[in-house]
Amino acid sequence: MNSNKIPIICIVGPTASGKTNLAIDIAKKTGSEIVSADSMQVYKEFNISTAKPTLKQMSEVRHHCIDIVSVRENFSVVKYISFAKKTIKDIFSRGKVPVLCGGTGLYIDSLIKNVPFEKGETNIFIRNKILKYMDENGTNYFFNKLKKIDPDSAKKININDCKRICRAIEFYYTNGYPIYRQTQNTLKSDSCYNVCKIGLSFKDRSILYDRINKRVDLMVQNRILDEVYSIKNIGDTAKFSIGYKEFLPFINGQGSLNECIGKLKMETRRYAKRQITWFKRDLGTRWFNVDEYENTQDLFIDVWKYIFNSGILN
RNA sequence: GGGAGAUUUCCCGAGCGGCCAAAGGGGGCAGACUGUAAAUCUGUUGCUUCUAGCUUCGGUGGUUCGAAUCCACCAUCUCCCA
(Lines give C-alpha, C1' and ligand atoms only; values in the text may rest on other atoms or scores of the structure.)
Protein backbone atom coordinates (compact mmCIF):
# COMPACT_ATOMS: atom_id res chain seq x y z
CA MET A 1 0.00 0.00 0.00
CA ASN A 2 1.55 3.22 -1.15
CA SER A 3 0.58 5.86 1.36
CA ASN A 4 1.22 8.95 -0.73
CA LYS A 5 -1.31 7.91 -3.34
CA ILE A 6 -4.96 8.82 -3.15
CA PRO A 7 -7.11 5.73 -2.63
CA ILE A 8 -10.07 5.23 -4.95
CA ILE A 9 -12.78 2.64 -5.17
CA CYS A 10 -13.59 2.20 -8.84
CA ILE A 11 -16.69 0.53 -10.28
CA VAL A 12 -16.66 -0.43 -13.96
CA GLY A 13 -18.81 -2.55 -16.23
CA PRO A 14 -21.10 -2.40 -19.23
CA THR A 15 -24.15 -0.23 -19.40
CA ALA A 16 -27.18 -1.52 -17.48
CA SER A 17 -25.07 -3.76 -15.27
CA GLY A 18 -26.04 -1.95 -12.08
CA LYS A 19 -22.98 0.23 -11.48
CA THR A 20 -24.95 3.27 -10.29
CA ASN A 21 -26.82 1.45 -7.53
CA LEU A 22 -23.76 -0.44 -6.37
CA ALA A 23 -21.69 2.75 -6.23
CA ILE A 24 -24.39 4.45 -4.20
CA ASP A 25 -24.53 1.57 -1.73
CA ILE A 26 -20.78 1.71 -1.33
CA ALA A 27 -20.71 5.46 -0.94
CA LYS A 28 -23.45 5.29 1.69
CA LYS A 29 -21.60 2.59 3.59
CA THR A 30 -18.35 4.56 3.60
CA GLY A 31 -20.00 7.96 3.87
CA SER A 32 -18.26 9.02 0.70
CA GLU A 33 -19.06 10.68 -2.62
CA ILE A 34 -19.30 9.49 -6.21
CA VAL A 35 -17.25 10.69 -9.15
CA SER A 36 -18.92 9.77 -12.41
CA ALA A 37 -16.77 8.62 -15.33
CA ASP A 38 -19.31 8.85 -18.09
CA SER A 39 -18.78 10.79 -21.29
CA MET A 40 -22.48 11.52 -21.74
CA GLN A 41 -23.71 12.12 -18.21
CA VAL A 42 -21.58 15.24 -18.21
CA TYR A 43 -24.23 16.94 -20.34
CA LYS A 44 -26.97 18.75 -18.47
CA GLU A 45 -29.63 18.12 -21.11
CA PHE A 46 -29.25 14.33 -21.21
CA ASN A 47 -31.13 12.77 -18.34
CA ILE A 48 -33.33 9.90 -19.40
CA SER A 49 -31.10 8.73 -22.25
CA THR A 50 -27.99 8.46 -20.10
CA ALA A 51 -29.76 6.73 -17.21
CA LYS A 52 -28.42 9.29 -14.77
CA PRO A 53 -28.87 8.70 -11.06
CA THR A 54 -32.24 10.06 -9.94
CA LEU A 55 -32.59 13.35 -8.10
CA LYS A 56 -33.39 11.36 -4.98
CA GLN A 57 -30.22 9.31 -5.34
CA MET A 58 -28.16 12.42 -5.94
CA SER A 59 -29.62 14.04 -2.87
CA GLU A 60 -28.69 11.04 -0.75
CA VAL A 61 -25.13 10.74 -2.01
CA ARG A 62 -23.17 13.54 -3.51
CA HIS A 63 -22.31 13.04 -7.19
CA HIS A 64 -19.64 14.79 -9.23
CA CYS A 65 -18.82 15.14 -12.93
CA ILE A 66 -22.48 14.99 -13.87
CA ASP A 67 -24.31 17.94 -15.47
CA ILE A 68 -21.15 19.96 -15.90
CA VAL A 69 -21.60 21.19 -19.48
CA SER A 70 -24.28 21.85 -22.06
CA VAL A 71 -24.77 19.63 -25.10
CA ARG A 72 -23.93 22.74 -27.13
CA GLU A 73 -20.34 22.62 -25.84
CA ASN A 74 -17.69 20.19 -26.98
CA PHE A 75 -16.31 17.97 -24.32
CA SER A 76 -13.27 15.70 -24.21
CA VAL A 77 -11.18 13.42 -22.03
CA VAL A 78 -8.90 16.28 -21.15
CA LYS A 79 -11.67 18.39 -19.75
CA TYR A 80 -12.94 15.38 -17.89
CA ILE A 81 -9.60 14.61 -16.33
CA SER A 82 -8.85 18.08 -15.14
CA PHE A 83 -12.28 18.23 -13.56
CA ALA A 84 -12.17 14.75 -12.07
CA LYS A 85 -8.67 15.12 -10.67
CA LYS A 86 -9.60 18.24 -8.74
CA THR A 87 -12.77 16.63 -7.50
CA ILE A 88 -11.02 13.49 -6.29
CA LYS A 89 -8.40 15.51 -4.50
CA ASP A 90 -11.09 17.55 -2.83
CA ILE A 91 -13.11 14.55 -1.68
CA PHE A 92 -9.98 12.91 -0.30
CA SER A 93 -8.95 16.06 1.50
CA ARG A 94 -12.25 15.86 3.35
CA GLY A 95 -11.24 12.43 4.65
CA LYS A 96 -13.24 10.30 2.26
CA VAL A 97 -12.29 7.57 -0.22
CA PRO A 98 -13.83 8.64 -3.55
CA VAL A 99 -15.98 6.17 -5.46
CA LEU A 100 -15.24 6.43 -9.17
CA CYS A 101 -18.04 4.92 -11.21
CA GLY A 102 -18.66 4.84 -14.91
CA GLY A 103 -18.65 3.16 -18.24
CA THR A 104 -16.30 5.28 -20.28
CA GLY A 105 -13.12 3.24 -20.32
CA LEU A 106 -10.98 5.90 -21.90
CA TYR A 107 -11.86 8.41 -19.19
CA ILE A 108 -11.18 5.97 -16.38
CA ASP A 109 -7.89 4.70 -17.78
CA SER A 110 -6.63 8.15 -18.72
CA LEU A 111 -7.36 9.33 -15.21
CA ILE A 112 -5.89 6.37 -13.40
CA LYS A 113 -2.89 5.88 -15.66
CA ASN A 114 -2.09 9.53 -15.44
CA VAL A 115 -2.00 10.20 -19.17
CA PRO A 116 -0.06 13.42 -19.65
CA PHE A 117 -2.34 15.43 -21.86
CA GLU A 118 -0.38 18.53 -22.54
CA LYS A 119 -0.74 21.69 -24.54
CA GLY A 120 -2.22 21.71 -27.98
CA GLU A 121 -5.91 22.41 -27.88
CA THR A 122 -7.64 20.60 -30.71
CA ASN A 123 -8.19 22.70 -33.79
CA ILE A 124 -11.64 21.49 -34.87
CA PHE A 125 -11.42 23.47 -38.09
CA ILE A 126 -8.26 21.74 -39.29
CA ARG A 127 -9.45 18.40 -38.01
CA ASN A 128 -12.67 18.61 -39.97
CA LYS A 129 -10.80 19.64 -43.11
CA ILE A 130 -8.51 16.62 -42.86
CA LEU A 131 -11.42 14.27 -42.18
CA LYS A 132 -13.37 15.71 -45.09
CA TYR A 133 -10.40 15.23 -47.39
CA MET A 134 -10.00 11.59 -46.32
CA ASP A 135 -13.71 10.99 -46.73
CA GLU A 136 -13.60 12.23 -50.30
CA ASN A 137 -10.17 11.07 -51.46
CA GLY A 138 -9.31 8.13 -49.26
CA THR A 139 -6.76 7.93 -46.48
CA ASN A 140 -3.65 7.26 -48.53
CA TYR A 141 -2.28 10.77 -48.61
CA PHE A 142 -2.47 11.33 -44.88
CA PHE A 143 -1.53 7.79 -43.99
CA ASN A 144 1.68 8.14 -46.00
CA LYS A 145 2.33 11.43 -44.30
CA LEU A 146 1.89 9.73 -40.95
CA LYS A 147 4.38 7.04 -41.96
CA LYS A 148 6.99 9.77 -42.37
CA ILE A 149 6.37 11.84 -39.27
CA ASP A 150 5.33 9.06 -36.88
CA PRO A 151 6.19 5.60 -38.26
CA ASP A 152 5.53 3.87 -34.93
CA SER A 153 1.96 5.08 -34.82
CA ALA A 154 1.48 4.31 -38.51
CA LYS A 155 2.28 0.70 -37.71
CA LYS A 156 -0.37 0.56 -35.03
CA ILE A 157 -3.15 2.53 -36.70
CA ASN A 158 -5.25 0.84 -39.35
CA ILE A 159 -5.27 2.55 -42.74
CA ASN A 160 -9.06 2.84 -42.59
CA ASP A 161 -9.14 4.47 -39.20
CA CYS A 162 -9.61 8.07 -40.34
CA LYS A 163 -10.06 9.49 -36.89
CA ARG A 164 -6.87 8.03 -35.48
CA ILE A 165 -4.82 8.96 -38.53
CA CYS A 166 -6.18 12.47 -38.25
CA ARG A 167 -5.50 12.70 -34.54
CA ALA A 168 -1.94 11.41 -34.85
CA ILE A 169 -1.17 14.00 -37.50
CA GLU A 170 -2.91 16.73 -35.58
CA PHE A 171 -0.95 15.76 -32.49
CA TYR A 172 2.35 15.95 -34.29
CA TYR A 173 1.71 19.42 -35.64
CA THR A 174 0.38 20.87 -32.39
CA ASN A 175 2.93 19.30 -30.05
CA GLY A 176 5.96 18.92 -32.27
CA TYR A 177 6.55 15.27 -31.47
CA PRO A 178 4.76 12.00 -32.29
CA ILE A 179 1.74 10.86 -30.31
CA TYR A 180 3.48 7.54 -30.01
CA ARG A 181 5.93 9.09 -27.60
CA GLN A 182 3.13 10.25 -25.37
CA THR A 183 1.84 6.70 -25.20
CA GLN A 184 5.27 5.42 -24.24
CA ASN A 185 5.66 8.09 -21.60
CA THR A 186 2.34 7.14 -20.07
CA LEU A 187 3.35 3.52 -19.79
CA LYS A 188 6.42 4.59 -17.87
CA SER A 189 4.69 7.02 -15.55
CA ASP A 190 3.19 5.91 -12.28
CA SER A 191 -0.44 6.37 -11.25
CA CYS A 192 -1.15 8.91 -8.54
CA TYR A 193 -4.00 6.75 -7.31
CA ASN A 194 -4.25 3.58 -5.38
CA VAL A 195 -7.22 1.89 -6.98
CA CYS A 196 -9.49 -0.90 -5.83
CA LYS A 197 -11.21 -1.81 -9.05
CA ILE A 198 -14.45 -3.72 -9.14
CA GLY A 199 -16.11 -4.91 -12.33
CA LEU A 200 -19.69 -5.97 -12.88
CA SER A 201 -20.12 -8.67 -15.48
CA PHE A 202 -22.52 -11.39 -16.58
CA LYS A 203 -21.92 -15.08 -16.92
CA ASP A 204 -24.75 -15.15 -19.43
CA ARG A 205 -24.51 -12.31 -21.94
CA SER A 206 -28.16 -12.66 -22.91
CA ILE A 207 -29.22 -11.61 -19.41
CA LEU A 208 -27.34 -8.34 -19.82
CA TYR A 209 -28.90 -7.83 -23.25
CA ASP A 210 -32.30 -8.47 -21.78
CA ARG A 211 -31.71 -5.84 -19.12
CA ILE A 212 -30.63 -3.38 -21.79
CA ASN A 213 -33.78 -3.97 -23.84
CA LYS A 214 -35.96 -3.49 -20.79
CA ARG A 215 -34.12 -0.36 -19.79
CA VAL A 216 -34.72 1.16 -23.22
CA ASP A 217 -38.42 0.33 -22.98
CA LEU A 218 -38.44 2.13 -19.67
CA MET A 219 -36.73 5.15 -21.20
CA VAL A 220 -39.43 5.28 -23.83
CA GLN A 221 -42.07 5.15 -21.09
CA ASN A 222 -40.25 7.96 -19.33
CA ARG A 223 -40.60 10.08 -22.45
CA ILE A 224 -37.10 9.96 -23.83
CA LEU A 225 -38.56 11.35 -27.04
CA ASP A 226 -39.52 14.60 -25.30
CA GLU A 227 -35.92 14.88 -24.15
CA VAL A 228 -34.68 14.49 -27.72
CA TYR A 229 -37.18 17.06 -28.99
CA SER A 230 -36.12 19.55 -26.34
CA ILE A 231 -32.47 19.53 -27.44
CA LYS A 232 -31.48 22.33 -29.74
CA ASN A 233 -28.10 23.18 -31.22
CA ILE A 234 -26.35 20.03 -30.16
CA GLY A 235 -22.55 20.07 -30.36
CA ASP A 236 -20.11 17.77 -32.13
CA THR A 237 -19.39 15.55 -29.16
CA ALA A 238 -22.85 15.19 -27.62
CA LYS A 239 -24.51 14.44 -30.93
CA PHE A 240 -23.08 10.92 -30.93
CA SER A 241 -24.87 9.99 -27.75
CA ILE A 242 -26.78 6.72 -27.91
CA GLY A 243 -30.36 7.65 -27.18
CA TYR A 244 -30.24 10.86 -29.18
CA LYS A 245 -29.05 10.07 -32.69
CA GLU A 246 -31.23 6.96 -32.96
CA PHE A 247 -34.39 9.05 -32.86
CA LEU A 248 -33.40 11.46 -35.60
CA PRO A 249 -34.86 9.32 -38.42
CA PHE A 250 -38.25 9.42 -36.70
CA ILE A 251 -38.05 13.14 -36.06
CA ASN A 252 -37.12 13.76 -39.68
CA GLY A 253 -39.93 11.53 -40.90
CA GLN A 254 -37.61 8.86 -42.25
CA GLY A 255 -38.55 5.96 -40.05
CA SER A 256 -41.07 4.66 -37.59
CA LEU A 257 -40.73 5.15 -33.87
CA ASN A 258 -40.52 1.40 -33.36
CA GLU A 259 -37.64 1.13 -35.79
CA CYS A 260 -35.78 3.80 -33.84
CA ILE A 261 -36.42 2.07 -30.56
CA GLY A 262 -35.15 -1.19 -32.02
CA LYS A 263 -32.05 0.56 -33.27
CA LEU A 264 -31.48 2.14 -29.89
CA LYS A 265 -31.63 -1.24 -28.19
CA MET A 266 -29.22 -2.71 -30.70
CA GLU A 267 -26.74 0.15 -30.47
CA THR A 268 -26.82 -0.04 -26.70
CA ARG A 269 -26.10 -3.77 -26.79
CA ARG A 270 -23.19 -3.23 -29.14
CA TYR A 271 -21.88 -0.47 -26.92
CA ALA A 272 -22.03 -2.82 -23.95
CA LYS A 273 -19.98 -5.34 -25.89
CA ARG A 274 -17.29 -2.75 -26.59
CA GLN A 275 -17.22 -1.75 -22.94
CA ILE A 276 -16.76 -5.38 -21.92
CA THR A 277 -13.84 -5.70 -24.34
CA TRP A 278 -12.23 -2.58 -22.94
CA PHE A 279 -12.63 -3.39 -19.26
CA LYS A 280 -11.58 -7.03 -19.63
CA ARG A 281 -8.10 -5.84 -20.54
CA ASP A 282 -7.32 -4.61 -17.07
CA LEU A 283 -6.04 -7.61 -15.16
CA GLY A 284 -6.29 -5.77 -11.87
CA THR A 285 -10.07 -5.74 -11.87
CA ARG A 286 -11.97 -8.02 -9.51
CA TRP A 287 -15.07 -9.21 -11.39
CA PHE A 288 -18.45 -10.04 -9.93
CA ASN A 289 -21.05 -11.83 -12.05
CA VAL A 290 -24.29 -10.00 -11.42
CA ASP A 291 -26.41 -12.90 -12.67
CA GLU A 292 -24.94 -15.23 -10.09
CA TYR A 293 -26.60 -13.33 -7.25
CA GLU A 294 -30.18 -13.65 -6.07
CA ASN A 295 -30.45 -9.93 -5.46
CA THR A 296 -28.42 -6.74 -5.29
CA GLN A 297 -28.06 -7.00 -1.50
CA ASP A 298 -26.16 -10.28 -1.78
CA LEU A 299 -23.98 -8.82 -4.49
CA PHE A 300 -23.26 -5.79 -2.35
CA ILE A 301 -22.30 -7.97 0.62
CA ASP A 302 -19.64 -9.78 -1.43
CA VAL A 303 -18.36 -6.60 -3.02
CA TRP A 304 -18.16 -4.96 0.35
CA LYS A 305 -16.18 -7.88 1.79
CA TYR A 306 -13.74 -7.53 -1.08
CA ILE A 307 -13.36 -3.77 -0.59
CA PHE A 308 -12.95 -4.15 3.14
CA ASN A 309 -10.31 -6.85 2.82
CA SER A 310 -8.42 -4.94 0.14
CA GLY A 311 -7.28 -2.45 2.76
CA ILE A 312 -8.14 0.50 0.56
CA LEU A 313 -10.14 2.10 3.37
CA ASN A 314 -7.28 2.01 5.89
C1' G B 1 -61.36 -19.33 -61.06
C1' G B 2 -57.32 -17.26 -64.69
C1' G B 3 -52.34 -14.90 -65.19
C1' A B 4 -47.24 -13.08 -63.50
C1' G B 5 -43.44 -13.62 -60.02
C1' A B 6 -41.00 -15.27 -55.72
C1' U B 7 -38.79 -19.18 -51.99
C1' U B 8 -30.62 -18.71 -50.90
C1' U B 9 -26.58 -19.86 -45.23
C1' C B 10 -29.06 -16.12 -38.09
C1' C B 11 -31.58 -11.71 -41.09
C1' C B 12 -31.65 -8.74 -45.66
C1' G B 13 -29.81 -9.78 -50.34
C1' A B 14 -26.52 -11.16 -54.98
C1' G B 15 -25.80 -15.48 -57.78
C1' C B 16 -29.02 -17.98 -63.00
C1' G B 17 -24.88 -24.89 -65.45
C1' G B 18 -18.45 -25.91 -63.40
C1' C B 19 -13.77 -20.73 -60.77
C1' C B 20 -20.06 -21.56 -55.03
C1' A B 21 -19.83 -23.15 -48.55
C1' A B 22 -22.13 -19.31 -52.18
C1' A B 23 -20.74 -11.51 -53.40
C1' G B 24 -22.34 -7.43 -50.37
C1' G B 25 -24.73 -5.49 -46.09
C1' G B 26 -26.79 -6.31 -41.12
C1' G B 27 -26.51 -8.98 -36.68
C1' G B 28 -23.53 -12.37 -33.54
C1' C B 29 -18.66 -13.51 -31.64
C1' A B 30 -13.57 -11.89 -30.77
C1' G B 31 -10.13 -7.82 -30.76
C1' A B 32 -7.97 -2.71 -30.91
C1' C B 33 -8.37 1.90 -28.57
C1' U B 34 -3.81 7.98 -25.22
C1' G B 35 -7.65 15.46 -26.59
C1' U B 36 -14.77 13.32 -30.89
C1' A B 37 -14.51 7.29 -27.06
C1' A B 38 -22.19 6.20 -26.13
C1' A B 39 -16.91 7.80 -31.11
C1' U B 40 -13.69 5.12 -34.52
C1' C B 41 -11.44 0.84 -36.50
C1' U B 42 -9.90 -4.66 -37.26
C1' G B 43 -10.70 -9.98 -37.61
C1' U B 44 -14.18 -13.84 -37.83
C1' U B 45 -19.00 -16.10 -38.88
C1' G B 46 -22.24 -24.20 -42.17
C1' C B 47 -19.85 -28.85 -39.93
C1' U B 48 -15.47 -31.90 -39.29
C1' U B 49 -10.38 -35.88 -37.73
C1' C B 50 -9.48 -28.62 -41.63
C1' U B 51 -3.36 -27.32 -47.28
C1' A B 52 -8.66 -32.16 -47.13
C1' G B 53 -13.54 -34.10 -46.53
C1' C B 54 -18.83 -33.72 -45.44
C1' U B 55 -23.88 -31.51 -45.38
C1' U B 56 -26.49 -26.77 -47.35
C1' C B 57 -29.65 -22.59 -51.53
C1' G B 58 -38.68 -24.47 -49.94
C1' G B 59 -39.88 -30.25 -50.93
C1' U B 60 -39.63 -34.58 -54.19
C1' G B 61 -38.06 -36.57 -58.60
C1' G B 62 -35.58 -35.74 -63.41
C1' U B 63 -31.89 -33.78 -67.36
C1' U B 64 -26.38 -33.46 -67.24
C1' C B 65 -19.64 -35.73 -66.60
C1' G B 66 -21.35 -31.64 -63.23
C1' A B 67 -27.29 -28.02 -60.67
C1' A B 68 -28.45 -22.82 -55.88
C1' U B 69 -28.62 -22.16 -61.20
C1' C B 70 -32.32 -26.23 -66.46
C1' C B 71 -37.23 -29.43 -66.46
C1' A B 72 -41.69 -31.67 -63.91
C1' C B 73 -44.84 -31.99 -59.93
C1' C B 74 -45.99 -30.47 -54.82
C1' A B 75 -45.94 -26.68 -50.76
C1' U B 76 -45.89 -21.59 -49.13
C1' C B 77 -46.01 -16.33 -50.18
C1' U B 78 -46.66 -11.70 -53.25
C1' C B 79 -48.90 -9.14 -57.16
C1' C B 80 -52.42 -8.65 -61.39
C1' C B 81 -57.28 -9.97 -63.92
C1' A B 82 -62.11 -12.10 -62.43
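We use all heavy atoms of the structure for the numbers below, so side chains are in, but hydrogens, waters and symmetry mates are not. Naming: A, B, ... by sequence-line order, numbering from 1 per chain.
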*Would a distance-only check, ignoring hydrogens and angles, find a side-chain to backbone donor-acceptor pair under 3.5 Å from A/Glu45 to A/Val71?*
yes

*Determine whether more than 12 heavy atoms belonging to other residues, nucleotides or ligands lie under 6.0 Å from atom NZ of A/Lys245.*
yes

_Does a side-chain N or O of A/Arg181 approach OP1 or OP2 of B/rU34 to a distance below 4.0 Å, or not?_
no

*Can you run down the ring pair (Phe, Tyr, Trp, His ring centres under 6.0 Å) pairs that involve residues 17-66 of chain A, sequence neighbours left out, and say none if there aren't any?*
A/Tyr43-A/Phe46

*Assess whether atom CG of A/Leu187 is packed by more than 12 heavy atoms of other residues, nucleotides or ligands within 6.0 Å.*
yes

*Using both distances under 3.5 Å as the test, list the Watson-Crick or G-U wobble partner of B/rU9, or none.*
none

*Could you measure between the two P atoms, the one in B/rC71 and the one in B/rA82, and give it in whole Å?*
30 Å

_With nearest nucleotide decided by heavy atoms, which residue, A/Phe279 or A/Thr104, maps closer to the 5′ end of RNA chain B?_
A/Phe279

*Would you call A/Lys263 and A/Glu246 a salt bridge, using N to O less than 4.0 angstrom?*
no

*Between B/rG66 and B/rC73, how far apart are the P atoms? Round to whole Å, please.*
23 Å

*For the side chain of A/Arg164, starting at C-beta, report the closest nucleotide among B/rA30, B/rU34, B/rA38.*
B/rU34

*Quote, to the nearest angstrom, the C1' distance that separates B/rA6 from B/rU45.*
28 Å

*Is the shortest side-chain N/O distance from A/Lys79 to OP1 or OP2 of B/rU36 below 4.0 Å?*
no

*With P as the reference atom in both, quote the distance from B/rA21 to B/rG46 in angstrom, rounded to an integer.*
13 Å

*When all nucleic acid strands are considered with a 4.0 Å heavy-atom cut-off, which category describes A/Arg127: base, sugar-phosphate, or nothing?*
base

*Separation of A/Lys155 atom NZ from B/rA32 atom C1', in whole Å?*
18 Å

*So, is A/Lys156 near the phosphate of B/rC41, with a side-chain N or O under 4.0 Å from OP1 or OP2?*
no

*Closest-nucleotide 5' rank along RNA chain B - winner of A/Tyr209 and A/Gln275*: A/Tyr209

*asked:* Between A/Lys273 and B/rG28, is there a contact of a side-chain N or O with OP1 or OP2 at under 4.0 Å?
replied: no

*Count the heavy atoms of every other residue, nucleotide or ligand shown that sit under 6.0 Å from CD of A/Glu136, and state whether that count exceeds 12.*
yes

*If B/rC50 has a Watson-Crick or G-U wobble mate with both distances under 3.5 Å, name it; if not, just say none.*
none

_So A/Ser49, base contact, sugar-phosphate only, or nothing? Heavy-atom distance under 4.0 Å._
base

*Separation of the C1' atoms in B/rA75 and B/rA52, to the nearest angstrom*: 38 Å

_Under-4.0 Å salt bridge between A/Lys305 and A/Asp302_ = yes

*Write down the distance between CG (A/Leu106) and P (B/rU34), rounded to a whole number of angstrom.*
8 Å

*Please state how far atom CZ in A/Phe171 lies from atom C1' in B/rU34, giving the value in whole angstrom units.*
9 Å

*Using a cut-off of 4.0 Å on non-hydrogen atoms, how would the nucleic acid contact of A/Thr183 be classed: base, sugar-phosphate, or nothing?*
base

*Look through every strand shown and name the nucleotide pairing with B/rG17 as Watson-Crick or G-U wobble, where both distances are under 3.5 Å.*
none

*Given atom CZ of A/Phe240 and atom C1' of B/rC41, what is their separation to the nearest angstrom?*
14 Å

*asked:* Under a 3.5 Å cut-off for both contacts, is B/rU40 paired Watson-Crick or G-U wobble with anything, and if yes, with which nucleotide?
replied: B/rA32

*asked:* Looking at A/Thr186 and B/rU34, is any side-chain donor or acceptor paired with a base atom of the opposite kind under 3.5 Å?
replied: yes

*Nucleotide B/rG28, atom C1' - distance to CG of A/Leu208 in whole Å*: 15 Å

_Among residues 241-270 of chain A, which ones have heavy-atom contacts with RNA chain B below 4.0 Å?_
A/Ser241, A/Ile242, A/Lys245, A/Met266, A/Arg270

_I want to check a possible cation-pi pair here: A/Arg94 against A/Phe92, using under 6.0 Å from ring centre and within 45° of the ring axis as the test._
no

*Which pair of non-hydrogen atoms, one from A/Thr87 and one from A/Cys65, has the smallest distance, and what is that distance?*
OG1-SG, 4.4 Å

*What's the CE-C1' distance between A/Met134 and B/rA39, to the nearest Å?*
15 Å

*For A/Lys147, which residues count as a salt bridge (Lys or Arg N to Asp or Glu O under 4.0 Å) partner, sequence neighbours excluded?*
none

*C1' atom, B/rU8 versus B/rG24: distance in rounded Å?*
14 Å

*Centre of A/Phe240's six-membered ring, under 6.0 Å away, within 45 degrees of the axis: is that where NZ or CZ of A/Lys163 sits?*
yes

*Distance between the C1' atoms of B/rA23 and B/rU9, in whole angstroms?*
13 Å

*Rounded to the nearest Å, what distance is computed from the NZ atom of residue A/Lys280 to the C1' atom of nucleotide B/rA30?*
7 Å

*Look at the side chain of A/Asp161 and the base of B/rA32, then say whether one donor and one acceptor between them are separated by less than 3.5 Å.*
no

Pick out the pairs of N or O atoms, protein on one side and nucleotides 42-44 of chain B on the other, that lie under 3.5 Å.
unit_1: B/rU42; atom_1: OP1; unit_2: A/Asn160; atom_2: ND2; d: 2.7

*With sugar-phosphate meaning primed atoms plus P, OP1 and OP2, does A/Leu187 contact a base, only sugar-phosphate, or nothing at under 4.0 Å between heavy atoms?*
base

*Would you indicate what A/Val77 reaches in the nucleic acid, counting non-hydrogen atoms under 4.0 angstrom: base, sugar-phosphate, or nothing?*
sugar-phosphate

*For B/rG3 versus B/rU63, give the span between their P atoms, rounded off to a whole number of Å.*
28 Å

*Sequence neighbours left out, what passes salt bridge (Lys or Arg N to Asp or Glu O under 4.0 Å) with A/Lys203? Give chain and number order.*
A/Glu292

*Which side chain to side chain donor-acceptor pair (under 3.5 Å) pairs, counting each pair once, include a residue from residues 211-227 of chain A, with sequence neighbours left out?*
A/Thr15-A/Arg215, A/Ser49-A/Glu227, A/Asp210-A/Lys214, A/Asp217-A/Lys265, A/Arg223-A/Asp226

*Provide the Watson-Crick or G-U wobble partner of B/rA4, both distances under 3.5 Å; none if there is no partner.*
B/rU78

*Assess whether one donor atom and one acceptor atom, taken from the side chain of A/Arg274 and the base of B/rA30, lie less than 3.5 Å apart.*
no

*Side chain of A/Asp38: nearest nucleotide among B/rA38, B/rA37, B/rU34?*
B/rA38

*Which whole-number value in Å describes the distance from A/Tyr80 OH to B/rU36 C1'?*
17 Å

